[in-house]
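Naming convention: chains lettered A, B, ... in sequence-line order (proteins, then strands); numbering from 1 in each chain. Values reported hereafter were calculated over all heavy atoms of this structure, with side chains retained and with hydrogens, waters and symmetry mates removed.
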Amino acid sequence: MESVVVIDFETTGLSPDHGDRATEIAAVLIRDGQIVAQYQSLMNAGRRIPAFITQLTGITDAMVRAAPPASQVMAEVADFVGDHPLIAHNASFDRRFWEAELRRIDRCPAQPFACSMLLARRLLPEAPNHKLGTLVEYARLPVTGRYHRAQADAEMAAHLTLYLEQHLIERFRLAAVTHPLLAEIQRTPKGRLETSLRRYASGHAGSATAAGHGRGGRKNSWSERS
DNA sequence: TGCCAGGCCCTCTTTAGGGCCTT
């Protein structure tokens, strides 16, 4: 897979539209099937942390008060991410905070997102459920730290992404797995996934190119959807 | 003090409702 970044936020709640703010972020850069760089920081957005969140994450008001300002952390992580496409577990959540926090520092978030949870629902429907912790245990992936902390969750989501990539390559004999392909898979209706992926694989035998970009303008079932 | 969301998916659906998943 080309370079992608897996991110994970810890926050004061569920909705940036209702005043919730990020308290911690981690970003893990994957390149050529390996984790090659990481960024992690608590951040101080000036919000009190609900007791429930402290119980869930272990992140306290004192920890956040001692952390760098959210504006500084978001600027640093935006530089770290650059133009790389992003992946997160339940990406609709992280995407809202990513966009909200970057807008606060006048940065323009433009990355495409893919979601490891939606991918796992498609590719591992037999898993007991599709919570990150359950999938880590199900796939026997390394537990890299405390759940509900950004660094550990981002690392485990990265390992899950690599596991899903390998699953795709072995099961469907794909020559390459790209971020656009992952985004396409999570949008494909469950009943059509097997057929569509096998058609995609046969159309890309021996190819090392990305989904939806067959040579010579050739289109396939994954191509040119926006 | 307690509450607040949103996108996706499945089905007993599609003119809807409820569960999952994230903090």
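In this structure a side-chain-to-backbone donor-acceptor pair under 3.5 Å is missing from T54(A) to T60(A). Although no hydrogens or angles enter the test, the distance criterion places a donor-acceptor pair under 3.5 Å between the side chain of Q186(A) and the main chain of C115(A). Judged by distance alone, with hydrogens and angles left aside, the side-chain atoms of D94(A) form no donor-acceptor pair with the main-chain N or O of D8(A) at under 3.5 Å.
Atom CZ in F93(A) sits roughly 19 Å away from atom P in dC20(B) (whole-Å rounding). Atom CD in E101(A) sits about 15 Å away from atom P in dT23(B), given to the nearest Å. Whole-Å rounding puts the R187(A) CZ to dG7(B) C1' distance at 14 Å. Summarising the geometry, the separation between CZ on F97(A) and P on dG6(B) is reported as 11 Å, rounded to the nearest angstrom. Following rounding to the nearest Å, F113(A) (CZ) and dC8(B) (P) show an atom-to-atom distance of 13 Å. Residue E99(A) contributes atom CD, which lies 13 Å from atom C1' of dG7(B) at whole-angstrom precision. Atom CG in N90(A) sits roughly 10 Å away from atom P in dC8(B) (whole-Å rounding).
In the region residues 116-123 of chain A, proximity to DNA chain B at under 4.0 angstrom, judged on heavy atoms, holds for M117(A), L118(A), R121(A), R122(A). In the region residues 137-146 of chain A, proximity to DNA chain B at under 4.0 angstrom, judged on heavy atoms, holds for none of the residues. Listed by residue number, N129(A), H130(A), K131(A), L132(A) are the residues of residues 125-136 of chain A with a heavy-atom contact under 4.0 Å to DNA chain B.
Contacts of D94(A) with the nucleic acid, taken as non-hydrogen atoms under 4.0 Å apart, are absent.
Closest to the side chain of S92(A), from the set dT22(B), dG6(B), dA5(B), is dG6(B). Proximity note for T57(A) (side chain, C-beta onward) versus dG6(B), dA5(B), dT23(B): the nearest is dT23(B). Here the side chain of K190(A) is nearest to one of dG6(B), dT23(B), dC10(B), namely dC10(B).
Applying the side-chain contact (heavy atoms from CB on, under 4.5 Å) test between Y163(A) and each of L135(A), L123(A), V136(A), L124(A) identifies L124(A) as the sole match.
Look at H148(A) and you'll find a side-chain N or O under 4.0 angstrom from OP1 or OP2 of dT23(B).
One finds a salt bridge joining R171(A) and E194(A) here, because a Lys/Arg side-chain nitrogen approaches an Asp/Glu carboxylate oxygen to under 4.0 Å. A salt bridge is defined here as a Lys NZ or Arg NE, NH1 or NH2 lying under 4.0 Å from an Asp or Glu carboxylate O, and D20(A) with R96(A) fails to meet this definition.
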